[in-house]
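Here's the structure we're looking at; comments come further down.
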Amino acid sequence: MTKILILEQSKSMRNSLRERLDFENYSTEAVDSTEAAAELCNRIAFDVLIAGSGMKLPDRSIPTIIIDSRPTITSAVEAFKHGAIDYMTLPLDMNLLLTTLRSLPQEDSAERPEPAAAPSRHRHRRVENGTGKELVARMMHNRSERCNGPFVEVNCAAIPAELIESELFGHEKGSFTSAVRQRKGKFELADGGTLFMDEIGDMSLSAQAKVLRALQENKITRVGGDRDIPVDVRVVAATNKNIRKEIELGNFREDLYHRLSVIVIHVPPLRERKGDIKLLVDYFIDQICRQKRRSPISIDPKAMEELSAMSWTGNIRELHNVIERLTILCNDCITVDDVHAYCCE
């Protein structure tokens, strides 16, 4: 389990981050001072440090994500100069934070070195697939007759097994200890639109059975409820696992596989479709500029050539993070020197 240390003076921010990350099945500790953080680092081998801006870092060898409440170009540059793997601003986009966390290598805790044996600064090199399955799913939704309906996504690998059914199908008030109110699940929220279920190969067999029922009968039942709720949902499912192998091992229902695999789309890694890089770069620049509320910027052809020549082991996730970094740090045009300065090791 990934171990995260949160170093932030704001109590509400610490509690908010910890609550969400614990829900996403991360192991977290939260402190408000560098001294307390250093003491914890001496005892625990943290995988990631999330630090508020202005906080002195207790251990620069730990991959660090900076969250800045008053962002400036200077503070962003300083963050990356000191080895930050990502720089984010408030209000925090939790989806972007989770994307960065999921793109970190997963290590067996038994093999992880003790705190005294500091990990390499480049340990953050991305190894997850990140090939753009969500982008494909969104394109399918946007070009379908359901384009005016909702597009809802859920990462089945990021939700604890005991919560996945509540997340997908909702729950009634009082159905379990923390169910203080009724809640709609992803299937209900996606009614009339598309539900993108990422990493479906990590779903429990119990949840698989209920998903199969929902697909066959077009209805669901909330956890703790006894009423069938009709739903009209198109499901797009994705996985980086060999589902045939998972079926043989008894980890995935064959009947659900056949129900889902009406049309199978293989999404190759980015290095096998170099022609997509320019399209993705232009799209990400436009998207990020809008999100950051900054004027549009351009990219020099030589800089684009340099990006196209890179290996992109982290696929589209890595490309997105690099373009976000360049968009934050560069002026009106991304140059090849910018690419060398901020992207190449």
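In this chain, residues are counted from 1 in sequence order. Remember, predicted model here, so these are calculated numbers, not experimental data.
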> Does one side chain, of Thr335 or Asp338, offer a donor that lies under 3.5 Å from an acceptor on the other?
Replying inline: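 Result is yes, a qualifying pair exists.
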
> Just by distance, with hydrogens left out, do Thr28 and Arg18 show a side-chain donor and acceptor under 3.5 Å apart?
Replying inline: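 Judged by distance alone, the side chains do pair up.
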
Identify the two heavy atoms, one from [X] and one from [Y], that lie closest to each other, and give their separation to 0.1 Å.
X: Ile44; Y: Glu29; answer: CD1-CG, 4.3 Å
X: Ala238; Y: Lys133; answer: CB-CD, 3.4 Å
X: Ala214; Y: Ile220; answer: CB-CG2, 3.6 Å
X: Cys330; Y: Arg294; answer: O-NH1, 3.3 Å
X: Ala207; Y: Glu165; answer: N-OE2, 3.8 Å
X: Leu49; Y: Ile62; answer: N-CG2, 3.7 Å

Do other residues, nucleotides or ligands put more than 12 heavy atoms under 6.0 Å from [X] [atom1]?
X: Lys292; atom1: NZ; answer: yes
X: Phe176; atom1: CZ; answer: yes
X: Ile263; atom1: CD1; answer: no

Please confirm whether the backbone N or O of [Y] pairs with a side-chain atom of [X], one donor and one acceptor, at under 3.5 Å?
X: Thr327; Y: Ile288; value: no
X: Ser16; Y: Ser12; value: no
X: Glu24; Y: Tyr26; value: no
X: Trp312; Y: Leu307; value: yes
X: Asp191; Y: Asp232; value: yes
X: Arg14; Y: Gln9; value: yes
X: Asn25; Y: Pro160; value: no
X: Gln208; Y: Asn251; value: yes
X: Asn315; Y: Arg317; value: no

> Going through the distances and angles, do Ser27 and Lys3 end up as a side chain to side chain contact (heavy atoms under 4.5 Å, CB included)?
Replying inline: CA-CA 5 Å; Ser27 173; Lys3 296 178 181 177; 4.2 Å; yes

> Please walk me through it: do Arg222 and Gln182 pass side chain to side chain contact (heavy atoms under 4.5 Å, CB included)?
Replying inline: CA-CA 9 Å; Arg222 296 188 188 124; Gln182 185 190 77; 2.9 Å; yes

Are [X] and [Y] linked, directly or through other ILVMFWY residues, by side chains that come within less than 4.5 angstrom of each other?
X: Leu163; Y: Leu205; value: no
X: Phe23; Y: Ile164; value: yes
X: Leu195; Y: Leu215; value: yes
X: Leu92; Y: Leu101; value: yes
X: Leu260; Y: Val136; value: no

To the nearest 0.5 Å, how far apart are [atom1] in [X] and [atom2] in [Y]?
X: Asn142; Y: Asn148; atom1: CG; atom2: CG; answer: 10.0 Å
X: Ile159; Y: Asp202; atom1: CD1; atom2: CG; answer: 11.0 Å
X: Tyr257; Y: Leu212; atom1: OH; atom2: CG; answer: 15.0 Å
X: Ser53; Y: Met88; atom1: OG; atom2: CE; answer: 14.0 Å
X: Glu305; Y: Ile299; atom1: CD; atom2: CD1; answer: 10.5 Å
X: Met203; Y: Phe252; atom1: CE; atom2: CZ; answer: 7.5 Å

>> Classify the ring geometry of Phe169 against Phe187: parallel below 30°, tilted from 30° to 60°, perpendicular beyond 60°.
In response: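 Aromatic pair Phe169/Phe187 classed parallel.
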
>> Students often mix this up, so state it plainly: with edges at 30° and 60°, are the rings of His320 and Phe284 parallel, tilted or perpendicular?
In response: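 Correct class here is perpendicular.
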
Are [X] and [Y] ion-paired here, with the side-chain N under 4.0 Å from a carboxylate O?
X: Glu134; Y: Arg138; answer: yes
X: Arg259; Y: Asp255; answer: no
X: Glu167; Y: Arg183; answer: yes
X: Glu39; Y: Arg43; answer: yes

Is any side-chain heavy atom of [Y] closer than 4.5 Å to one of [X]?
X: Arg325; Y: Tyr87; result: no
X: Lys302; Y: Val339; result: no
X: Ile334; Y: Ile285; result: yes
X: Pro150; Y: Leu189; result: no
X: Leu280; Y: Leu270; result: yes
X: Ile200; Y: Lys241; result: no
X: Arg181; Y: Glu172; result: no
X: Glu8; Y: Ile67; result: no

> Asp276 pairs by salt bridge (Lys or Arg N to Asp or Glu O under 4.0 Å) with which of Lys274, Lys278, Arg273?
Replying inline: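 Exactly one pass, corresponding to Arg273.
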
> Between Ile265 and Met140, does a side chain to side chain contact (heavy atoms under 4.5 Å, CB included) hold up when you go through it step by step?
Replying inline: CA-CA 11 Å; Ile265 300 174; Met140 293 170 61; 3.8 Å; yes

>> Taking side-chain contact (heavy atoms from CB on, under 4.5 Å) as the criterion, tell me which of Ile247, Ile243, Asn242 meets it with Lys245.
In response: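 Checked Ile247, Ile243, Asn242 against Lys245; only one passes side-chain contact (heavy atoms from CB on, under 4.5 Å): Asn242.
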
> Does the pair Met197 and Val211 meet the rule for a side chain to side chain contact (heavy atoms under 4.5 Å, CB included), with working shown?
Replying inline: CA-CA 11 Å; Met197 302 181 69; Val211 169; 4.0 Å; yes

